[in-house]
Amino acid sequence: MSTKVEKDQVSGTDTTGHEWDGIKELNTPLPSWWVYVFWITVIWSVGYWVVYPSWPTANDYLKGMFGTTNRTELHETMASVAAERAPYMERLAALDVSEIANDSELLNFSMAGGKAVFADNCAPCHGTGGSGNPGFPSLQDDAWLWGGTLDAINQTLHVGVRWDANEDTRFNDMPAFGRDELLERDQIDDVVQYVLSFTDRATDAAAADRGAVVFEENCASCHGDDAKGVQDLGAPNLTDAIWLYGGSKETITETVMNSRRGVMPAWEGRLDEETIKMLTVYVHSLGGGQ
């Protein structure tokens with residue numbers, strides 16, 4: 001490698017003195033405009049360090065002359081929003097859910113707020129708009145395990161379902177009749193046929209007749225003698241076409257064999273009272289509220 005500086009005969013530009021395999025590097029200066037822009041950015045960056053937070057220190061960071069960050073701007077924005085909402089929140093705090101539903105102004109406010117809260121906290125399980133998912137009930141129909149009135153929905157939101165951390169949680173467990181050997185396999189097959197007969201899907205009439213006895217002795221205490229469910233116990237109606245985990249013979253057999261134990265969090269303590277009221281009103285409005 002040569003380091004001899006010389007003038008290039010073709011361009012008339014000095015070389016840098018570097019040469020690799022016969023290729024000489026020209027010492028072409030940067031365009032003036034590029035140099036100016038470069039120094040402007042340097043000056044701008046120094047100014048930015050002065051007015052905005054920048055360099056970290058041992059225990060903190062340089063705050064800058066403006067003393068502002070995205071976090072402080074967010075807090076200011078949230079404080080402004082909270083101030084705008086404060087009059088409505090105060091009114092929500094003073095009323096129960098039925099009174100809120102009868103106040104058109106508060107109802108509109110609660111619907112907007114409840115929709116946002118639902119999307120953040122409930123939609124991952126219940127689906128967008130409360131359409132439901134396997135194992136997570138639809139909130140758009142009138143099949144409510146624990147009741148679909150405003151007060152019932154509000155209570156469920158507060159205490160959750162089978163939420164062990166809340167001593168007042170909605171609670172009722174279906175036995176695992178097969179796994180815990182409470183019924184013989186042929187008894188389970190019979191009672192499944194009986195349940196299928198409610199919607200005219202039984203394929204073995206004799207088994208369904210035997211299953212009626214099994215149902216009366218083991219299932220009617222929760223699901224009712226007519227199998228239409230008992231909301232106070234969270235036991236579903238077995239005579240309609242609405243199935244939380246599926247209504248096929250195989251799925252019902254799995255349910256009777258091993259039980260189901262869906263869990264819903266208790267939102268009391270996670271959400272404030274006013275937010276729970278807004279969420280109650282929104283859920284009730286989805287189409288299945290009683």
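Keep in mind that the numbers below use all heavy atoms, side chains included, and drop hydrogens, waters and symmetry copies. Counting from 1, the numbers follow the sequence of the chain as shown.
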Decide side-chain contact (heavy atoms from CB on, under 4.5 Å) for Thr280 and Leu157; before the verdict, give the C-alpha distance in whole Å, the side-chain angles of both, and the deciding distance to 0.1 Å.
-> CA-CA 8 Å; Thr280 297; Leu157 288 172; 3.3 Å; yes
Go through the steps to decide whether Thr57 and Asp60 satisfy the test side chain to side chain donor-acceptor pair (under 3.5 Å), and finish with yes or no.
-> CA-CA 5 Å; Thr57 61; Asp60 203 358; 5.5 Å; no
I would like to know whether Arg201 and Ile252 meet side-chain contact (heavy atoms from CB on, under 4.5 Å); could you show each step before the answer?
-> CA-CA 12 Å; Arg201 293 183 296 141; Ile252 296 173; 4.3 Å; yes
For Leu62 and Tyr52, run side-chain contact (heavy atoms from CB on, under 4.5 Å): C-alpha distance rounded to whole Å, both residues' side-chain angles, the deciding distance at 0.1 Å, then the answer.
-> CA-CA 8 Å; Leu62 298 180; Tyr52 286 105; over 6 Å; no
Side chain to side chain donor-acceptor pair (under 3.5 Å) assessment of Asp151 paired with Gln155 = CA-CA 6 Å; Asp151 288 337; Gln155 176 69 6; over 6 Å; no
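Counting all heavy atoms, side chain and backbone alike, His223 lies closest to Pro236 at ND1-O, 3.0 Å. The two residues Leu139 and Phe118 make their nearest non-hydrogen contact at CD1-CE1, 3.6 Å. Among all heavy-atom pairs drawn from Leu196 and Gly247, the shortest one is CD2-O, 4.0 Å. Taking all atoms of both residues into account, the shortest heavy-atom contact from Thr255 to Met174 is O-CE, 3.6 Å. Nearest approach of Ala227 to Phe215, heavy atoms of both residues: CB-CZ, 3.7 Å. Across all non-hydrogen atoms, the minimal contact from Pro175 to Leu182 is CB-CD1, 3.6 Å.
Here the side chain of Asp272 pairs a donor or acceptor atom with the backbone of Thr275 at under 3.5 angstrom. A donor-acceptor pair under 3.5 Å is formed between the side chain of Thr169 and the backbone N or O of Val159. Remark: the backbone N or O of Gly129 is paired with a side-chain donor or acceptor of Gln140 at under 3.5 angstrom. Between the side chain of Asn133 and the main chain of Cys125, a donor-acceptor pair closer than 3.5 Å is present. Checked by atom type and distance alone, the side chain of Lys277 pairs as donor or acceptor with a backbone atom of Leu92 at under 3.5 Å. The closest donor-acceptor contact from the side chain of Arg162 to the backbone of Val263 lies at 3.5 Å or more, if one exists at all. A donor-acceptor pair is defined here as one N or O able to donate and one able to accept, closer than 3.5 Å; such a pair exists between the side chain of Gln231 and the backbone of Trp144. A distance-only check finds a donor-acceptor pair linking the side chain of Gln193 to the backbone of Asp204 [under 3.5 Å].
Environment of CZ in Phe198: crowded, with over 12 heavy atoms of neighbouring residues, nucleotides or ligands closer than 6.0 Å. Surrounding CZ of Arg261 are more than 12 heavy atoms belonging to other residues, nucleotides or ligands, all under 6.0 Å away. Other residues, nucleotides and ligands contribute over 12 non-hydrogen atoms within 6.0 Å of the CD atom of Glu99. For Tyr245, the OH atom counts as densely surrounded, since its 6.0 Å shell holds more than 12 non-hydrogen atoms of other residues, nucleotides or ligands. Heavy atoms from other residues, nucleotides or ligands lying under 6.0 Å from CD of Glu184 number 12 at most. Heavy atoms from other residues, nucleotides or ligands lying under 6.0 Å from CD of Glu73 number more than 12.
Using a 4.5 Å heavy-atom cutoff, the side chains of Val191 and Asn218 are not in contact. The shortest distance between side-chain heavy atoms of Asn121 and Trp267 falls below 4.5 Å. Contact check for Trp39 versus Val35: side-chain heavy atoms found under the 4.5 Å cut-off. In this structure the side chain of Phe109 reaches within 4.5 angstrom of the side chain of Met89, judged on heavy atoms. In this structure the side chain of Val161 reaches within 4.5 angstrom of the side chain of Trp146, judged on heavy atoms. A heavy-atom distance below 4.5 Å is not found between the side chains of Asp226 and Thr239. By the 4.5 Å heavy-atom criterion applied to side chains, Asn154 and Asp96 are not counted as neighbours. A 4.5 Å side-chain heavy-atom check between Arg260 and Leu244 finds every atom pair outside the cut-off.
Ile276 contributes atom CD1, which lies 4.0 Å from atom NE2 of His158 (distance to the nearest 0.5 angstrom). Here Phe38 contributes atom CZ and Ile40 contributes atom CD1; the two are 11.5 Å apart, rounded to the nearest 0.5 Å. Thr251 contributes atom OG1, which lies 12.0 Å from atom NZ of Lys249 (distance to the nearest 0.5 angstrom). One distance of note links OG of Ser80 with NE2 of His75; it measures 14.0 Å at 0.5 Å rounding. We find the CG-CG distance between Asp232 and Asn172 to be 10.5 Å, quoted to the nearest 0.5 Å. Annotation: the span from Leu107 atom CG to His284 atom NE2 amounts to 11.0 Å, rounded to 0.5 Å.
Salt-bridge annotation for Asp120 and Arg270: absent, with no side-chain N of the basic residue lying under 4.0 Å from a carboxylate O of the acidic one. A salt bridge links Arg91 with Asp103: at least one charged nitrogen is closer than 4.0 Å to a carboxylate oxygen.
Criterion: ILVMFWY side-chain heavy atoms under 4.5 Å apart, direct or through other members. Under it, Met111 and Val283 are part of a common hydrophobic cluster. Transitive grouping of hydrophobic side chains (ILVMFWY, heavy atoms separated by less than 4.5 Å) brings Met257 and Tyr194 into a common cluster. One hydrophobic cluster, built from ILVMFWY side chains closer than 4.5 Å, holds both Tyr88 and Val117.
Taking the six-membered ring wherever Trp is involved, the centroid distance between the rings of Trp44 and Tyr48 does not fall below 6.0 Å.
Here the options are Trp55, Phe66, Tyr61, the test is ring-ring contact (aromatic ring centres under 6.0 Å, His included), and the partner is Trp49; only Trp55 passes.
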